[in-house]
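Below is one structure, written out as structure tokens; the observations come after it.
No experiment lies behind these values; they were computed from the predicted model shown. We're numbering straight along the sequence, starting at 1.
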Amino acid sequence: YSLLPDDPDSAFALLSAQAQAASGGIERFRDFYGGLTAVAVQNARSTEDGQVAATIVFTRDDGSTSAEPYTFRVGTDADGTTLIQSFSKA
């Protein structure tokens with residue numbers, strides 16, 4: 001999330017194919033993050049092997065915010081790069 005909202009293409013590349021599809025593809029991903037001024041991660045914690053729970057705080061262009069609980073499954077690709085394998089609202 002440190003790449004967002006400024007660099008959605010690099011952030012999208014850190015999603016597995018499954019997570020990319022679940023996000024609606026690159027254009028939808030760009031559109032969503034293009035309407036934000038900030039993204040913050042709060043209370044990130046490991047909940048089990050390869051799984052992380054966190055609250056994601058989205059700040060919209062109009063200054064409004066939303067704090068949403070998410071669960072992420074993380075792993076690595078063939079190059080050893082850490083990827084978000086899947087995500088869901090908790």
F12 backbone acceptor or donor facing Q20 side chain under 3.5 Å: yes
Side-chain (D79) to main-chain (T81) donor-acceptor, under 3.5 angstrom: no
Find the distance between [atom1] ([X]) and [atom2] ([Y]) and round it off to the nearest 0.5 Å.
X   : Y   : atom1 : atom2 : answer
L36 : T65 : CG    : OG1   : 11.0 Å
F32 : E27 : CZ    : CD    : 15.5 Å
D77 : Q85 : CG    : CD    : 8.5 Å
L14 : T82 : CG    : OG1   : 8.5 Å
D49 : R73 : CG    : CZ    : 7.5 Å

CZ/R28: more than 12 non-hydrogen atoms of other groups inside 6.0 Å: no
Over 12 non-hydrogen atoms of neighbours within 6.0 angstrom of CG in D61: yes
S66 versus R60, side-chain donor and acceptor atoms under 3.5 Å: yes
F58 and Y70 aromatic ring geometry - parallel, tilted or perpendicular at 30°/60° bounds: perpendicular
According to a 4.5 Å side-chain heavy-atom criterion applied to Ile, Leu, Val, Met, Phe, Trp and Tyr, with indirect links allowed, do [X] and [Y] form part of one hydrophobic cluster?
X   : Y   : value
F87 : V41 : yes
V57 : Y1  : no
F72 : F29 : yes

Closest non-hydrogen atom pair, [X] against [Y]:
X   : Y   : value
A44 : A54 : CA-CB, 3.8 Å
A19 : I84 : CB-O, 3.5 Å
L83 : A13 : CD2-O, 3.8 Å
A11 : L4  : CB-CD2, 3.6 Å

